[in-house]
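Input: a single structure, listed below in structure tokens.
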There are 2 protein chains.
Amino acid sequence: MEVLLEEPEVSTRPHRGLTKKECTQHLMPIQDALYVVSGKWKLPIIIALRERNTRFSELQRAVTGITARVLSKELKDLEQNEFVVRKVYPTTPVTIEYELTAYSETLDAVIIALHDWGLQHRERILKRTERE
Amino acid sequence: MEVLLEEPEVSTRPHRGLTKKECTQHLMPIQDALYVVSGKWKLPIIIALRERNTRFSELQRAVTGITARVLSKELKDLEQNEFVVRKVYPTTPVTIEYELTAYSETLDAVIIALHDWGLQHRERILKRTERE
DNA sequence: TATACTGCTATCCTTTTGGATACGGAGTGA
DNA sequence: TCACTCCGTATCCAAAAGGATAGCAGTATA
């Protein structure tokens with residue numbers, strides 16, 4: 001899993017005083033961010049973690065429908081992005097806890113923006129389908 | 001392509017005074033929003049459209065690497081979400097123009113949030129890889 | 001002794017997404 | 001007439017994402 005993406009190429013014309021280069025430079029961080037939150041399970045897992053579900057099997061129950069394979073992979077991704085720390089306690093048997101980091105909270109602005117937009121979009125679509 | 005998603009199920013515990021139901025209700029709009037901006041080409045196309053590339057072949061040149069098949073499909077999606085209108089002018093041969101709607105600008109807050117977060121994330125990762 | 005739970009990994013399979021290539025009719029220019 | 005552009009569609013394929021199932025070592029429980 002790559003964390004930084006390559007520069008995509010878009011367009012040739014300036015826009016609002018931005019050169020092509022500036023536009024595509026804007027695109028890269030956007031795609032980095034999207035990479036981090038998109039996919040079927042990333043946000044459900046983060047939400048489950050916020051609700052203090054910390055252990056693997058607990059998470060698997062909380063995020064209904066996810067398989068161990070996928071949960072394991074997603075947790076590794078979240079760890080790599082430093083949203084989660086994996087703590088191993090030498091009990092018998094070992095206890096493993098996944099905890100959200102302070103850094104994971106920086107995502108809040110993104111999540112809120114997505115949420116607000118999504119909410120009005122959903123309402124818009126429902127109204128539209130009513131009309132039809 | 002579905003526009004509204006099903007309610008996902010996550011977790012069982014309350015969090016910050018929110019019930020389970022409230023949490024998952026938050027998730028739905030987020031996933032609606034993600035649905036609209038994620039994928040390889042959606043944002044590059046929107047950016048190209050903002051730069052006044054309106055015609056099909058123009059878009060295909062502007063968004064380098066996209067094939068006609070995929071561009072065609074993405075434009076249909078964008079139309080369905082009411083980000084784009086397809087206008088047909090009865091010239092000979094017909095001229096077809098894709099134009100962004102005013103509604104497409106409501107995405108700006110989301111795009112900016114993604115951009116800002118992505119930018120600092122990228123810097124964070126670059127610093128981290130320097131240290132190693 | 002048998003069964004179950006924990007925290008996974010391995011293997012294989014399906015679905016989704018996107019890419020390659022070819023082709024289409026209609027028009028335009030040499 | 002030949003070649004080229006425009007705006008796509010159709011068919012087939014490859015890669016990525018995700019799902020199903022099985023298993024495993026260690027411990028606890030019945």
Side-chain angles (χ1 to χ4, degrees), chain A residues 1-3 5-6 8-10 27 31 34-46 48-49 53-81 84-99, chain B residues 1-3 5-6 8-10 31-32 34-46 48-49 53-81 84-99:
Chain A
M1 190 200 208
E2 290 302 307
V3 176
L5 306 164
E6 290 306 306
E9 279 182 54
V10 184
L27 200 43
Q31 297 190 329
L34 277 177
Y35 183 75
V36 151
V37 291
S38 61
K40 188 167 175 183
W41 299 111
K42 300 240 167 57
L43 288 174
I45 291 170
I46 288 174
L49 285 163
N53 296 291
T54 58
R55 302 182 59 183
F56 192 90
S57 53
E58 225 171 14
L59 284 167
Q60 211 181 333
R61 278 189 298 268
V63 182
T64 60
I66 199 169
T67 63
R69 187 185 103 74
V70 173
L71 177 57
S72 169
K73 182 210 149 242
E74 297 286 341
L75 285 171
K76 277 173 192 158
D77 290 354
L78 291 172
E79 229 190 310
Q80 243 213 346
N81 286 325
V84 161
V85 273
R86 180 176 185 274
K87 294 187 177 167
V88 184
Y89 299 99
T91 53
T92 47
V94 281
T95 302
I96 294 180
E97 292 194 346
Y98 295 91
E99 283 172 25
Chain B
M1 190 200 208
E2 290 303 305
V3 176
L5 305 163
E6 291 306 305
E9 280 182 52
V10 183
Q31 297 189 329
D32 291 341
L34 278 177
Y35 182 74
V36 151
V37 292
S38 59
K40 188 168 175 182
W41 297 112
K42 300 237 167 56
L43 288 174
I45 290 170
I46 288 174
L49 285 164
N53 296 291
T54 58
R55 304 183 58 185
F56 192 90
S57 53
E58 225 171 14
L59 284 166
Q60 211 181 332
R61 278 188 299 268
V63 182
T64 60
I66 199 168
T67 64
R69 179 188 171 291
V70 173
L71 177 57
S72 169
K73 183 211 150 241
E74 298 285 343
L75 285 171
K76 277 173 192 157
D77 290 355
L78 291 172
E79 229 190 308
Q80 244 215 343
N81 286 325
V84 161
V85 274
R86 181 177 184 273
K87 294 188 176 165
V88 183
Y89 299 99
T91 53
T92 47
V94 283
T95 303
I96 293 177
E97 293 193 346
Y98 295 91
E99 283 172 26

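Every chain is numbered from 1, with letters handed out A, B, ... down the list of sequences.
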Can you measure A:E74 atom CD to C:dC8 atom P for me and round it to whole angstrom units? 15 Å
Taking CD from A:Q60 and C1' from C:dT9, how many angstroms apart are they, rounded to a whole number? 13 Å
Considering all heavy atoms, the nearest A:L34-B:V37 contact: CD1-O, 3.6 Å
Does a nitrogen or oxygen in the side chain of A:Y98 sit under 4.0 Å from OP1 or OP2 of C:dC8? yes
Rounding to a whole Å, what distance do you find between B:K40:NZ and D:dA17:P? 11 Å
Please report the distance separating the P of C:dA22 from the corresponding atom of D:dC7, rounded so that it comes out in whole Å. 22 Å
Should B:W41 be listed as having a side-chain N or O under 4.0 Å from OP1 or OP2 of C:dG19? yes
NA contact type, A:G39, heavy-atom cut-off 4.0 Å: base, sugar-phosphate, or nothing? sugar-phosphate
Student check: side-chain heavy atoms of B:I66 and B:Q60 closer than 4.5 Å: yes
Residue mapping more 5' on DNA chain D - nearest nucleotide basis, B:S57 or A:S38: B:S57
Taking CZ from A:F56 and C1' from C:dT6, how many angstroms apart are they, rounded to a whole number? 10 Å
Given atom CG of A:L75 and atom P of D:dG18, what is their separation to the nearest angstrom? 14 Å
Using whole Å, what does the distance between atom P of nucleotide D:dG8 and atom CD1 of B:I45 come to? 13 Å
How long is the line joining CG of B:L71 and P of D:dC7, in whole Å? 10 Å
Candidate nucleotides D:dC12, C:dT11, C:dC8, ranked by approach to the side chain of A:R86 - the nearest: C:dC8
d(CG, A:L34; P, C:dT17) in whole Å: 15 Å
Can a side chain N or O of B:S72 be found less than 4.0 Å away from OP1 or OP2 on D:dG8? no
In short, B:N81 meets B:V36 closest at the heavy-atom pair ND2-CG2, 3.6 Å
So, does the side chain of B:R69 form a donor-acceptor pair with the base of D:dT11 at under 3.5 Å? yes
Of the candidates D:dG18, D:dT9, C:dT28, the side chain of A:K73 sits closest to D:dG18
OP1, OP2 of D:dT9 versus side-chain N and O of B:K76: anything below 4.0 Å? yes
